[in-house]
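Quick note on labels: first sequence line is chain A, next is B, and so on, each numbered from 1. For the numbers below, each heavy atom of this structure counts, side chains included, while hydrogens, waters and symmetry mates do not. As the structure is a computational prediction, the values presented were derived from the model and not from experiment.
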2 protein chains.
Amino acid sequence: MKADRTSLSDLLRVSGFKATSGRVEVLGLFIRAGRPLSQMQIMEMLGPRLDRASVYRILSAFTEAGLLHMAYVDGRHRVYELPDKCGHSHCHPHFSCRSCGMTACLEDFQVKCKGSIGKGFVAERQKVLIEGLCPGCKGK
Amino acid sequence: MKADRTSLSDLLRVSGFKATSGRVEVLGLFIRAGRPLSQMQIMEMLGPRLDRASVYRILSAFTEAGLLHMAYVDGRHRVYELPDKCGHSHCHPHFSCRSCGMTACLEDFQVKCKGSIGKGFVAERQKVLIEGLCPGCKGK
DNA sequence: TGATTTTTGCAATAATGTCGCATTTGTGAT
DNA sequence: ATCACAAATGCGACATTATTGCAAAAATCA
Ligand SMILES: [Mn+2]
Ligand SMILES: [Mn+2]
Ligand SMILES: [Zn+2]
Ligand SMILES: [Zn+2]
């Protein structure tokens, strides 16, 4: 995925957005990071160049437009990511380290659901989170 | 599970707690409800008999002691439940209706994870949430 | 009952997210 | 390049959820 300013601006306009500098920066962050990001992390990376409210509005707008997914909720933080690894009904699983808080996408991890969910229920999406220890925290 | 006041008090003391009236009431609510509950729901059920801060403290203390689990996060609400349907490494899946917000425990639903989670990672717990429509909301 | 320790209520504070509104910015037409 | 218009932003106020300090109250045990 190209991440230069022009490509980002084009992508934004194709998605129906004005290519404002804030939106270009936030989208670029996600593309360069290649991992889930929360509003707080984005603020830390961007510094005071973008207002808190604007970041929230950008994340909501991007999510509504399908440019981002809400990957999972980490404590009180909502964590977003590019949806390139997700299908319509299946957002891929994530891993979260209980020691350092590090998170990762489990792209090659398969989750099979067995059994009926119940009479009359319609399942549309599944969210799977694996908690444990990351390699860095494993050896204590 | 017996839910009379004496049994509840004994259970609390066995778990290392003083059997205060607030704790007896909260634990009794969970046992009688048989479903996940949030702090807000507890407050609504108990009325002004117990302070907000006390409910938060009771939920945290119960969870730390293993008397409760945090079942899942619903928007901004943390939802707790008795851990009687959960094993050490496997908290059973839950269902959440995207229309009415109704939630349910999927006790008979099995989730099989296939594939390695990755070199060096240690998986300790899995959290699975199925989103969709409940029977009441299914027919529109 | 009285001594001891824990828990509670209350109010203050924190953390996260939302909203209204004046100002600024991006865009497309001139 | 400039202009006009719609859309987005910054800012401050507000909302909601959760946490903390501390004096008062309650539970436990001798
Ligand atoms: Mn992911
Ligand atoms: Mn459950
Ligand atoms: Zn770690
Ligand atoms: Zn429903």
Side-chain angles (χ1 to χ4, degrees), chain A residues 4-29 36-65 67-68 70-80 101, chain B residues 5-29 36-65 67-68 70-80 101 103:
Chain A
D4 60 282
R5 270 194 110 73
T6 307
S7 307
L8 292 174
S9 296
D10 289 347
L11 175 52
L12 284 168
R13 277 185 284 259
V14 165
S15 302
F17 291 108
K18 279 191 183 180
T20 64
S21 64
R23 297 212 263 232
V24 169
E25 298 218 47
V26 170
L27 184 55
L29 273 188
L37 297 174
S38 66
Q39 175 271 342
M40 215 175 51
Q41 292 175 303
I42 291 168
M43 289 299 288
E44 284 165 3
M45 289 189 267
L46 287 184
R49 275 183 290 171
L50 204 51
D51 187 74
R52 207 159 39 98
S54 300
V55 174
Y56 281 118
R57 284 186 281 227
I58 288 172
L59 291 174
S60 296
F62 281 8
T63 301
E64 193 172 350
L67 237 45
L68 289 180
M70 193 188 299
Y72 55 91
V73 176
D74 176 33
R76 290 186 213 152
H77 300 268
R78 304 172 190 178
V79 185
Y80 297 82
Chain B
R5 269 196 111 72
T6 307
S7 307
L8 292 174
S9 297
D10 289 347
L11 176 51
L12 283 168
R13 276 184 283 259
V14 164
S15 301
F17 291 107
K18 279 190 182 182
T20 64
S21 65
R23 287 177 180 155
V24 169
E25 298 218 47
V26 171
L27 183 55
L29 273 187
L37 297 174
S38 67
Q39 176 270 345
M40 216 173 50
Q41 293 174 303
I42 291 168
M43 288 298 288
E44 284 166 3
M45 290 189 266
L46 288 184
R49 274 183 291 170
L50 203 51
D51 187 74
R52 208 160 30 101
S54 300
V55 174
Y56 281 119
R57 283 186 282 226
I58 288 172
L59 290 175
S60 296
F62 281 7
T63 301
E64 194 173 349
L67 236 45
L68 289 179
M70 194 188 298
Y72 55 92
V73 176
D74 177 33
R76 291 188 210 152
H77 299 271
R78 304 171 190 179
V79 185
Y80 297 82
T103 63

Mind calculating the distance between [atom1] ([X]) and [atom2] ([N]) to the nearest angstrom?
X: Leu46(A); N: dT9(D); atom1: CG; atom2: P; result: 12 Å
X: Asp51(A); N: dG17(C); atom1: CG; atom2: C1'; result: 12 Å
X: Met40(A); N: dA15(C); atom1: CE; atom2: C1'; result: 10 Å
X: His77(A); N: dA18(D); atom1: NE2; atom2: P; result: 13 Å
X: Arg52(A); N: dA15(D); atom1: CZ; atom2: P; result: 15 Å
X: Tyr80(A); N: dG17(C); atom1: OH; atom2: P; result: 7 Å
X: Leu59(A); N: dG17(C); atom1: CG; atom2: P; result: 10 Å
X: Tyr56(B); N: dG21(D); atom1: OH; atom2: C1'; result: 18 Å

The answer to which of Ser9(B) and Ile58(A) contacts DNA chain D further toward the 5' end, by nearest nucleotide, is Ile58(A)
Taking for Gln39(B) and for Phe17(B) the nucleotide of DNA chain D with the nearest heavy atom, the one nearer the 5' end belongs to Gln39(B)
So, the side chain of Arg49(B) versus the backbone of Leu46(B): is there a donor-acceptor pair under 3.5 Å, distance only? yes
- Message: When you measure from the side chain of Arg23(A) to the backbone of Lys18(A), do you find a donor-acceptor pair of N or O atoms at a distance under 3.5 Å?
- Response: yes
What one should report as the nearest heavy-atom pair of Met43(A) and Leu50(A) is CE-O, 3.4 Å
Discussion item. At 4.0 Å (heavy atoms only), tell me whether Ala19(A) reaches a base, stays on the sugar-phosphate, or touches nothing.
Written reply: sugar-phosphate
Please state whether the phosphate of [N], meaning OP1 or OP2, lies under 4.0 angstrom from any side-chain nitrogen or oxygen of [X].
X: Thr20(B); N: dT6(C); answer: no
X: Arg78(A); N: dT18(C); answer: yes
X: Ser54(B); N: dG9(C); answer: yes

Exercise for the section: Take Asp4(A) and Ser7(A) through the test side-chain hydrogen bond (donor to acceptor under 3.5 Å, both in side chains) and record every step on the way to the result. Expected result: CA-CA 6 Å; Asp4(A) 60 282; Ser7(A) 307; 2.7 Å; yes
Between dG9(C) and Arg57(B), counting only base atoms on the nucleotide and side-chain atoms on the residue, is there a donor-acceptor pair under 3.5 Å? yes
Q.
Could you check whether Phe62(A) and Phe17(A) have their ring centres less than 6.0 Å apart?
A. yes
By nearest-heavy-atom nucleotide on DNA chain C, the more 5' of Leu50(B) and Lys18(B) is Lys18(B)
